[in-house]
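Have a look at the structure below before the remarks.
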Amino acid sequence: QVQLVESGGGLVQPGGSLRLSCAASGDISSFYVMGWYRQAPGKQRELVAAVTRDGSTNYADSVKGRFTISRDNAKKTVYLQMNSLKPEDTAVYSCKATLTLPFGGTNDYWGQGTQVTVSS
């Protein structure tokens, strides 16, 4: 079984920075994509950033140039470095891992989420 635990959220002023961490337990060696999602009250959950198995990264237009997703395979951890934070970045950020199964198909795993609040 795979478990994901996010950390690093908190309160930060506009223009500040935070680094979120998503630590995995269990075997994630078969991951296809790992990503960060966020959901603010009254809004749809959206993909913020993702890293694929081959190392390719994708970002929502709203965070390009400000956020960076990275991974540390040895630590089984994926990070989201968030710079130049804006109030509209306020949301619960959740980590998701999509793993391939031995005989086809995929399984999704979600962390509990961590609150990021950007406010002056």
Side-chain angles (χ1 to χ4, degrees):
Q1 189 68 276
V2 172
Q3 291 185 327
L4 306 175
V5 179
E6 302 98 333
S7 62
L11 175 65
V12 64
Q13 293 184 344
S17 298
L18 285 173
R19 188 180 75 164
L20 306 183
S21 298
C22 174
S25 62
D27 185 5
I28 62 169
S29 62
S30 66
F31 87 95
Y32 174 67
V33 60
M34 297 189 69
W36 287 95
Y37 292 74
R38 68 185 182 187
Q39 186 169 24
K43 295 184 178 180
Q44 295 279 321
R45 185 171 61 191
E46 64 174 342
L47 175 66
V48 177
V51 58
T52 58
R53 187 172 183 85
D54 67 356
S56 298
T57 57
N58 292 281
Y59 299 91
D61 288 342
S62 60
V63 307
K64 287 181 179 178
R66 300 188 298 120
F67 291 10
T68 303
I69 189 170
S70 61
R71 61 180 179 178
D72 187 328
N73 291 338
K75 296 181 178 179
K76 298 168 65 175
T77 301
V78 62
Y79 304 95
L80 184 67
Q81 179 66 47
M82 304 185 294
N83 298 325
S84 302
L85 284 162
K86 305 175 181 179
E88 51 262 44
D89 295 319
T90 296
V92 174
Y93 286 71
S94 301
C95 180
K96 178 185 177 182
T98 298
L99 276 63
T100 59
L101 299 175
F103 304 105
T106 60
N107 271 352
D108 292 336
Y109 298 88
W110 289 89
Q112 298 297 310
T114 185
Q115 176 71 46
V116 172
T117 302
V118 184
S119 176
S120 60

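- Counting all heavy atoms, side chain and backbone alike, Val48 lies closest to Val63 at O-CG2, 3.6 Å.
- For the pair Gln81 (side chain) and Phe67 (backbone), a donor-acceptor distance under 3.5 Å is absent.
- Although no hydrogens or angles enter the test, the distance criterion places no donor-acceptor pair under 3.5 Å between the side chain of Ser84 and the main chain of Gly15.
- Within a 6.0 Å radius of CD in Gln112, other residues, nucleotides and ligands contribute 12 heavy atoms or fewer.
- The distance from atom CG of Asn58 to atom CD1 of Ile69, rounded to the nearest 0.5 Å, is 9.5 Å.
- Listed for the Thr77 side chain is a donor-acceptor partner under 3.5 Å among the backbone atoms of Lys75.
- Residue-environment remark: CD (Glu88) exceeds the threshold of 12 foreign heavy atoms within 6.0 Å.
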For the pair Leu101 and Thr106, evaluate side chain to side chain contact (heavy atoms under 4.5 Å, CB included) and give the outcome as yes or no after the intermediate values.
-> CA-CA 5 Å; Leu101 299 175; Thr106 60; 5.6 Å; no
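- By the 4.5 Å heavy-atom criterion applied to side chains, Val2 and Ser25 are not counted as neighbours.
- Scanning all heavy atoms of the two residues, the minimum distance from Ser120 to Pro14 falls at N-CD, 3.6 Å.
- Taken from CZ in Arg71 to NZ in Lys76, the straight-line distance is 14.5 Å, to the nearest 0.5 Å.
- The CZ atom of Arg53 sits 12.5 Å away from atom OG1 of Thr98, with the distance rounded to the nearest 0.5 Å.
- Under the 4.5 Å side-chain contact rule for hydrophobic residues, Tyr79 and Val116 do not share a cluster.
- To the nearest 0.5 Å, atom CG of residue Asp108 and atom CG of residue Leu99 are 9.0 Å apart.
- Put simply, the side chain of Glu6 never gets that close to the backbone of Cys22: no donor and acceptor are under 3.5 Å apart.
- Note: Tyr93 OH to Gln39 CD = 12.0 Å, rounded to the nearest 0.5 Å.
- When all heavy atoms are compared, the tightest approach of Ala91 to Ala40 is CB-N, 3.9 Å.
- Looking at Phe31 and Thr100, their side chains never come closer than 4.5 Å, going by heavy atoms from C-beta outward.
- With hydrogens and angles disregarded, a donor-acceptor distance shorter than 3.5 Å links the side chain of Thr114 to the backbone of Gly9.
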Would Met82 and Thr68 satisfy side chain to side chain contact (heavy atoms under 4.5 Å, CB included), going step by step from the backbone distance to the final call?
-> CA-CA 7 Å; Met82 304 185 294; Thr68 303; over 6 Å; no
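- Ring to ring, Trp110 and Tyr37 are close: their centroids are under 6.0 angstrom apart.
- In this structure, Thr90 and Gln115 have side chains that are in contact, with non-hydrogen atoms separated by less than 4.5 Å.
- With hydrophobic clusters built from ILVMFWY side chains whose heavy atoms lie under 4.5 angstrom apart, Ile28 shares a cluster with Tyr109.
- To the nearest 0.5 Å, atom CG of residue Leu80 and atom CG of residue Leu18 are 9.5 Å apart.
- The side-chain hydrogen bond (donor to acceptor under 3.5 Å, both in side chains) check on Arg45 picks up nothing, with sequence neighbours excluded.
- Side-chain contact between Lys86 and Arg66: present, with at least one pair of heavy atoms (C-beta onward) separated by less than 4.5 Å.
- Here the side chains of Cys95 and Trp36 are in contact, with some heavy-atom distance below 4.5 Å.
- In the hydrophobic cluster analysis, where Ile, Leu, Val, Met, Phe, Trp and Tyr join through side-chain heavy atoms closer than 4.5 angstrom, Val78 is grouped apart from Val92.
- The residues Asp61 and Lys64 are annotated as salt-bridged, a charged nitrogen and a carboxylate oxygen being separated by less than 4.0 angstrom.
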Check step by step if side chain to side chain contact (heavy atoms under 4.5 Å, CB included) holds for Lys96 and Met34.
-> CA-CA 6 Å; Lys96 178 185 177 182; Met34 297 189 69; over 6 Å; no
